[in-house]
Amino acid sequence: MPELPEVETIARFLRNSTAFTSSGGSLAGGSVIGRVIRSVELLWERTLAEPLPAEVNTRLVGQEIREVDRRGKFLVLELSRGWLLFHLRMSGDIRVEQESATCLAHDRVIFHFGDDTRLVFNDTRKFGRIWAVDDPQSVVGGLGPEPLGNAFSAELLHQMLRARSRELKPLLMDQAFLAGLGNIYTDEALHRAGLHPRRRSSSLKMQESERLYQAIREVLEEGIRRNGASIDWVYRGGEFQNYFRVYQRQGQVCTTCGTKIERIVVGQRGTRYCPKCQPL
DNA sequence: CACGAGACCTGTTCGC
DNA sequence: TGCGAACAGGTCTCGT
């Protein structure tokens, strides 16, 4: 579910003393930074990727949350000793609330703080994972560049694209190639760049790579500015779904040229594009 | 290396 | 109304 902008939004909610949680409710007592984990409740054991369930309390109890960051689609929490990482996959969500709040269906792991508040990992489809490790590189070490980072440039993207010969859509969604794009933002970026999802990466001219680079940055920045996208039954408080140009718009007209948006399958993922703006 | 199929999961929507 | 199929913001593993 969440892609880079949604995870960034959650990271900011957890880090800052804002008035909202990622689910739109009020964040009990503000930032989670400075809070100490007093116990961990594993409601669905397989959510815990590392360590083994028996070791999780020894590893986390007494640890203070020092910093909240994001790497690709991973939420990265620095603890007083070690690191706690979350990946929300398709349906994960995080909320911080008072201990007196009502538990919800699909709550999978609960981190109780000592101050009558808790952090809850809710995940309908059970794909999400949590890691408690000594070195975050063991989890995120294989990721490609951060698309909004300073080290990422049009020249670098062009070189990366030319070094491979894959269809653009699955390549851009490959987290080892570039970290953070998922189905929504890839479709939106390709439309803004005027590139067909099946276009071979090795065939791009510098000017096209430059357009793709700008499109990726713009679509991610706009997503973050709108607090991510809220679709399906999971409400996250974001508004970007109201600005989609192609995603979930098959059969409707392209806002640029009026042609009907089509849906095809690329790399086993539903893919929306404008056949006129994005010719092969 | 590139690519497709299948697995992991639950819920909603659509067609008959 | 009922019921199965298709689909859903992701990633991993296996086989060709």
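In what follows, every chain begins at residue 1, and chains take the letters A, B, ... in the order their sequences are listed.
Look at F127(A) and the base of dT11(C); the rings do not stack under the cut-offs of 5.5 Å between centres and 30° between planes.
Regarding contacts with the backbone of dC8(B), every side-chain N or O of K126(A) stays at 4.0 angstrom or more from both OP1 and OP2. Residue R46(A) places at least one side-chain N or O closer than 4.0 Å to OP1 or OP2 of dC9(B). Contact between the side-chain N/O atoms of K73(A) and the OP1/OP2 oxygens of dG10(C) is found at a separation under 4.0 Å. Regarding contacts with the backbone of dC9(B), every side-chain N or O of H106(A) stays at 4.0 angstrom or more from both OP1 and OP2. The shortest distance between the side-chain N/O atoms of R272(A) and the OP1/OP2 oxygens of dA8(C) is below 4.0 Å. Taking side-chain N and O atoms only, R89(A) has no distance below 4.0 Å to OP1 or OP2 of dG9(C).
Within the cation-pi definition used here (under 6.0 Å to the ring centroid, within 45° of the axis), R226(A) does not qualify as a partner of F240(A).
In this structure, the ring of Y273(A) has its center less than 6.0 angstrom from the ring center of H196(A).
Atom name P, nucleotides dT11(C) and dT12(B): the rounded distance is 23 Å, in whole Å. Spacing of P atoms, dA5(C) relative to dG6(B), comes out at 15 Å, to the nearest Å. Nucleotides dA6(C) and dA5(B), compared at atom P, are 14 Å apart to the nearest Å.
One interatomic measurement links the two molecules: CD of Q268(A) to P of dA2(B), which rounds to 16 Å at whole-angstrom precision. Regarding M173(A), its CE atom lies at a distance of 7 Å from the P atom of dT11(C), rounded to whole Å.
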Next on the checklist: Working note: F74(A) + W131(A), criterion ring pair (Phe, Tyr, Trp, His ring centres under 6.0 Å); need CA distance, chi angles, decisive distance, verdict.
Outcome noted: CA-CA 10 Å; F74(A) 288 83; W131(A) 295 257; 5.5 Å; yes

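Although no hydrogens or angles enter the test, the distance criterion places no donor-acceptor pair under 3.5 Å between the side chain of D187(A) and the main chain of I184(A).
dG4(B) is paired with dC14(C) under the Watson-Crick or G-U wobble criterion, all donor-acceptor distances under 3.5 Å. Within the shown strands, dT13(B) is the pairing partner of dA5(C) under the Watson-Crick or G-U definition, both distances less than 3.5 Å.
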